[in-house]
Amino acid sequence: MSDLEDRLAALDPAVRQPYQHQNLESMISRVTQLPTTSRGRVWRNFQLKFAGALVTSALLTSGAIASFSSGPTFAVLSIQSANGAAAPTASKSASGATMEIYEEFNFSAGSGLSSTSPASPSYALQVPSDASSEASRVAAIFGVTGTPVNTNGDGSDWTVTDTSGNSLDYQRSGVPQWSFTSTSTGVAQSSEAGSLGVLPNHSAVDTLAQSYVSKLGYGYRLSAPSFDSSTLGTLNPDGSMKTAVSDSVVTYTVLVDGTATDQSLSFSVNSNDVVVAASGPAFTLGSPQNYPLESPQAGIAALNTVQRNRFPHSATTTSTQSIANSGTTNTTVLSGPPIVDVTLNSYSLSLATYQLSDGSMWLLPVFNYAGQAANTYGTSGGSTWQQLALNPSYVKVSTASPGGSTHGVVNY
Amino acid sequence: MGSRDEDRFTRLVREHTPAIGNYLRRRLYPLNADDLDDLVEETMIVIWRRIKDVPLDAELPWMIGVARNVLRNARRSKNRQSAFVATLQPVADDRSAEEYVVADTNIRDALASLGDDDREFLLLNAWDGLDTHALGALYVISTNAAAVRLSRVQKRFRELLGAADVH
């Protein structure tokens, strides 16, 4: 194994916690009871459990009100916790990566973090009430004509497909998302450089994308465009490029009063100036509500709380550490992941989407912390973290079930 | 439903459930045992439903392909809440062997710098153990094309890692 492979393997979560199903024979028995042609059971099962968890927490938390001494009164926001954590933490990384590394972090506030609470409004989102109709409307904007099909049987996923194979998918879970794909392709070239060379310029791509945004009519504001490209190639047997077809890709972040959110739109345009793929959120913005925030310093404590709930099965892990004690060296085996100390020195505010226990969607302020991480051996590097910024008095985090099992709530 | 299908499904489950579970764990870590079992079962339901479609010469890649779709649906279905992912920058100190297993921030940074598709391709090989034949089966490309792509991604990854290591 090479040095590179060793280093990659050391970060593999499954090496330390290899997966074993808790009752394999029972699963086989359950699954083989199903007809082999049973379509739709697959995701309905998962999502019903998820919905059940939301209903349970809503019953636990309805009607709560909180206020700050003589300050304004707001309804408590009841947020579904994915893992029983005492405070919710937003999930987006700067890179958009979904991979997580097996490490535990101890957070502390650096001198640059204020104990004074900043201000930033929260927003309830209005989402289309009829998913099927909205799927049809968005499909028509992209020139896709057809009858919406409820693909998973529970009304959360609708697809419109036309006779050419162009399709519009509309997902109603969380913030609804639409996604358009076309069968249209650009002109194939013999090299990647050649295929990039025949793409429309950035200004034309931006103009075309903005025309669709205007037709969609959601009214949200967008950041400056960010451009990229993608190339699909076929190879000769010797590995050389046979044909290449590129698309120009433009991405926008949804902004609210100039503040970035975790919502974005993307459009892919081919060499014929045709949009071949696009995706984005379906919502309009409600009025701002000035929920009090906690201080950047206080947010650090919530990050640590999340950490303590993150490794519930640490007794089964295998990392070790030596501890010297009064001249006699005792070796103590500590279970759990490697520890990294993180000092956070600065922050910015952005808005992240949360779903409350009543199913409503909100854009809530989050702290984006930046600081230094140091491992056991003293090496360090920069790191960024995200944490809900609302004052905890106005947030109730509900666990999915008292037994600790979240049954279908996916945490990533 | 024939007993032949059941026998084959049972064999597939016993042989490949650990690999499927590990694949899901790596992409949704941390995830509690019950939730992970649920996702594995959802994957197995799809495989059972399409048992006649499972290719004899590429069973595991095909099953991982199903797990990828289950994962994609799970991510789309969940609301954005909880958990976090760090993005660490290159470190500036001498490296030690221990550093690799404690907090290899350079590896993390290099992985984060790869595109999502390239990172997945690299980790399917490095973590999930898929060789170029299996990668080709999963991505519906030739073994040769998979080898070319893997080589390109590994080269790019080494370049990113090299840049991080010397800083």
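So that the names make sense, note that chain A is the first sequence line, chain B the second, and so on, each numbered from 1.
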Chemist: Would you call L123(B) and L8(A) a side-chain contact if the rule is heavy atoms closer than 4.5 Å?
Modeler: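 SC-SC contact between L123(B) and L8(A) confirmed.
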Chemist: Report which part of I20(B) has an atom under 4.5 Å of a heavy atom belonging to chain A: side chain, backbone, both, or neither.
Modeler: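 For I20(B), there is no contact with chain A at all, as no heavy atom is under 4.5 Å.
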Chemist: Just verifying a value: how many Å separate R14(B) CZ and E25(A) CD, rounded to the nearest 0.5 Å?
Modeler: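 The distance works out to 4.0 Å.
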Chemist: Can you find a pair of side-chain heavy atoms, one from N23(A) and one from D37(B), that are under 4.5 Å apart?
Modeler: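 Answer no - side chains too far apart.
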Chemist: Out of R30(A), Q20(A), R172(A), return the one with the most heavy atom pairs under 4.5 angstrom to chain B.
Modeler: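 It is R30(A).
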Chemist: Which answer fits F157(B), side chain, backbone, both or neither, if we ask what part of it has an atom under 4.5 Å from a heavy atom of chain A?
Modeler: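 Looking at F157(B), just its side chain touches chain A.
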Chemist: Considering all heavy atoms of both residues, which atom of Q22(A) and which atom of D34(B) are nearest to each other, and what is their separation?
Modeler: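 Smallest heavy-atom distance, with atoms named: NE2-OD1, 3.1 Å.
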Chemist: Nearest heavy-atom pair of V13(B) and M27(A): which atoms, and what distance?
Modeler: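 Residues V13(B) and M27(A), closest heavy atoms: CG1-CE, 3.7 Å.
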Chemist: Ignoring hydrogens, what is the shortest heavy-atom contact between V40(B) and Y19(A)? Give both atom names and the distance.
Modeler: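 Answer, listing the atom of V40(B) first, then Y19(A): CG2-OH, 3.4 Å.
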